[in-house]
Asker: 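Have a look at this one before I ask anything.
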There are 2 protein chains.
Amino acid sequence: MKTYPCSIEKALNIIGNKWSFLVLKELYDGKKRFNELKRTINGISPNALTTTLKHLEKNAILKRTVYPTVPVTVEYELTEKGQAFHSVLKEMKKWGAEWGDVTL
Amino acid sequence: MKTYPCSIEKALNIIGNKWSFLVLKELYDGKKRFNELKRTINGISPNALTTTLKHLEKNAILKRTVYPTVPVTVEYELTEKGQAFHSVLKEMKKWGAEWGDVTL
DNA sequence: CAGCATCCAAAAGGATACTG
DNA sequence: CAGTATCCTTTTGGATGCTG
């Protein structure tokens with residue numbers, strides 16, 4: 001009794017949750033560090049950010065790189081798969097700008 | 001201490017949750033009825049569907065029409081605002097089809 | 001048919017404190 | 001800096017049964 005998910009479900013499962021969208025948005029500007037993301041993303045807790053980043057890394061959306069400085073430096077950047085999702089974000093941004101305040 | 005949301009946050013707040021994406025997807029085929037949606041959307045409970053539909057109606061994404069038949073008939077269809085979101089779904093679908101099974 | 005009410009289990013999320 | 005651990009509150013969500 002197995003039904004397999006449509007492409008949209010696949011996409012949603014890979015992305016995960018709402019935080020992911022916002023993390024992705026930040027990373028389109030270029031690689032970022034943990035605290036940078038934490039500062040930039042309004043209201044995210046370290047806990048939620050950790051979870052989100054791990055999920056995205058597991059799904060090959062981003063790559064995590066550790067530099068053995070003191071203290072340690074960790075950078076996050078998008079993979080090709082993550083970059084490809086940019087088209088979705090762009091459409092979403094356009095829609096949000098055009099309709100975000102419309103009540104009809 | 002007010003920061004106002006970016007367009008992407010606006011979009012996410014209006015859409016709401018994951019179920020909304022799947023409801024929208026169904027409604028791009030044309031107007032649908034409650035049980036039709038319930039049957040088509042894999043694993044959604046009546047409760048979750050009700051909540052989702054109300055949220056989308058409140059945000060002017062869809063329109064609810066009641067026909068006084070016996071028993072009653074209720075149809076849901078997208079507004080212009082809802083239709084406009086189709087471009088996002090289309091991109092998401094493309095991405096899901098291309099990358100949905102890629103592990104890298 | 002199209003829901004709403006109720007109950008309960010599970011998961012998400014915030015706050016705070018602490019570590020290599 | 002980049003998290004982890006813990007606790008606890010809040011949502012979310014499935015299951016079931018009922019109604020106009």
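Each chain gets a letter, A, B and so on, in the order its sequence line appears, and its residues count up from 1. FYI, side chains are in, hydrogens and waters are out, and symmetry mates aren't considered; it's all heavy atoms of this structure.
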Asker: So does B/N47 reach the base of D/dT12 with its side chain, donor to acceptor, closer than 3.5 Å?
Answerer: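 Such a pair does not exist between side chain and base.
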Asker: Counting just side-chain N and O atoms, does B/W19 come under 4.0 Å of either OP1 or OP2 of D/dG13?
Answerer: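 So the side-chain polar atoms of B/W19 do come within 4.0 Å of the phosphate oxygens OP1 or OP2 of D/dG13, strictly under.
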Asker: Contact class for A/K54 vs. all strands (heavy atom < 4.0 Å): base, sugar-phosphate, or nothing?
Answerer: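 Result for A/K54 = sugar-phosphate.
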Asker: Taking the basic N atoms (NZ, or NE/NH1/NH2) and the acidic carboxylate oxygens, is any pair closer than 4.0 Å for B/K54 and B/E57?
Answerer: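 Salt bridge: no.
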Asker: From the options C/dG20, D/dG20, C/dG3, select the nucleotide whose nearest atom is closest to the side chain of B/V74.
Answerer: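 Looking only at side-chain atoms, B/V74 lies closest to C/dG3.
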Asker: Please confirm whether the shortest side-chain N or O distance from A/R64 to OP1 or OP2 of D/dG3 is below 4.0 Å.
Answerer: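 Indeed, a polar side-chain atom of A/R64 lies that close.
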Asker: Can you tell me which nucleotide in D/dG14, C/dG3, D/dG3 comes closest to the side chain of B/A48?
Answerer: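 Looking only at heavy atoms from C-beta outward on B/A48, the closest nucleotide is D/dG14.
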Asker: Would you say a side-chain N or O of A/Y76 is under 4.0 Å from OP1 or OP2 of D/dG3?
Answerer: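 Yes.
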Asker: Indicate yes or no: at least one non-hydrogen side-chain atom of A/T52 is less than 4.5 angstrom from one of A/F21.
Answerer: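 No, their side chains stay 4.5 Å or more apart.
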Asker: Output the rounded distance in Å from NE2 (B/H55) to P (D/dT12).
Answerer: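 Taking NE2 of B/H55 and P of D/dT12, I get 10 Å after rounding.
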Asker: Between C/dA2, D/dG3, C/dG13, which one does the side chain of A/T50 approach most closely?
Answerer: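 It is D/dG3.
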Asker: Rounded to the nearest angstrom, tell me the gap between atom CD1 in A/I44 and atom P in D/dG3.
Answerer: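 After rounding, the gap between these two atoms is 12 Å.
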Asker: Only one of B/K63, B/K32, B/R33 passes salt bridge (Lys or Arg N to Asp or Glu O under 4.0 Å) with B/E77; say which it is.
Answerer: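 Result for salt bridge (Lys or Arg N to Asp or Glu O under 4.0 Å) with B/E77: B/K63.
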Asker: Taking OP1 and OP2 of D/dA2, is either one under 4.0 Å from a side-chain nitrogen or oxygen of A/R33?
Answerer: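 Affirmative; the distance criterion is met.
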Asker: Closest approach to the side chain of A/P46, judged atom by atom: which nucleotide of C/dG14, D/dT4, C/dA2 is it?
Answerer: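 Taking heavy atoms from C-beta onward, the closest nucleotide is D/dT4.
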Asker: Begin with the C-alpha distance, continue with both residues' side-chain angles, and end with the deciding distance and a verdict on side-chain contact (heavy atoms from CB on, under 4.5 Å) for B/V23 and B/L56.
Answerer: CA-CA 9 Å; B/V23 168; B/L56 291 175; 4.0 Å; yes
Asker: Is B/Y67 reachable from B/L27 through a run of hydrophobic residues whose side-chain heavy atoms are each under 4.5 Å from the next?
Answerer: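 Result: no, two separate clusters.
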Asker: Provide, to the nearest angstrom, the distance between the NZ atom belonging to B/K38 and the P atom belonging to D/dT16.
Answerer: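 So the NZ-P distance, B/K38 to D/dT16, works out to 12 Å.
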Asker: Rounded to the nearest Å, what distance is computed from the NZ atom of residue A/K32 to the P atom of nucleotide D/dC1?
Answerer: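 Taking NZ of A/K32 and P of D/dC1, I get 16 Å after rounding.
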Asker: Nearest-Å distance, CD (B/E75) to C1' (C/dC1)?
Answerer: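 Atom CD in B/E75 sits about 13 Å away from atom C1' in C/dC1.
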Asker: Could you state the atom-to-atom distance from NZ of A/K18 to C1' of D/dT12 in whole Å?
Answerer: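 That distance rounds to 14 Å.
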Asker: Between C1' on D/dG20 and CZ on B/F34, what's the gap in Å once rounded to a whole number?
Answerer: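 Nearest whole value for this atom pair: 15 Å.
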Asker: In whole angstroms, how far is the C1' atom of C/dA2 from the OH atom of B/Y67?
Answerer: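 In whole Å, C/dA2 C1' lies 15 Å from B/Y67 OH.
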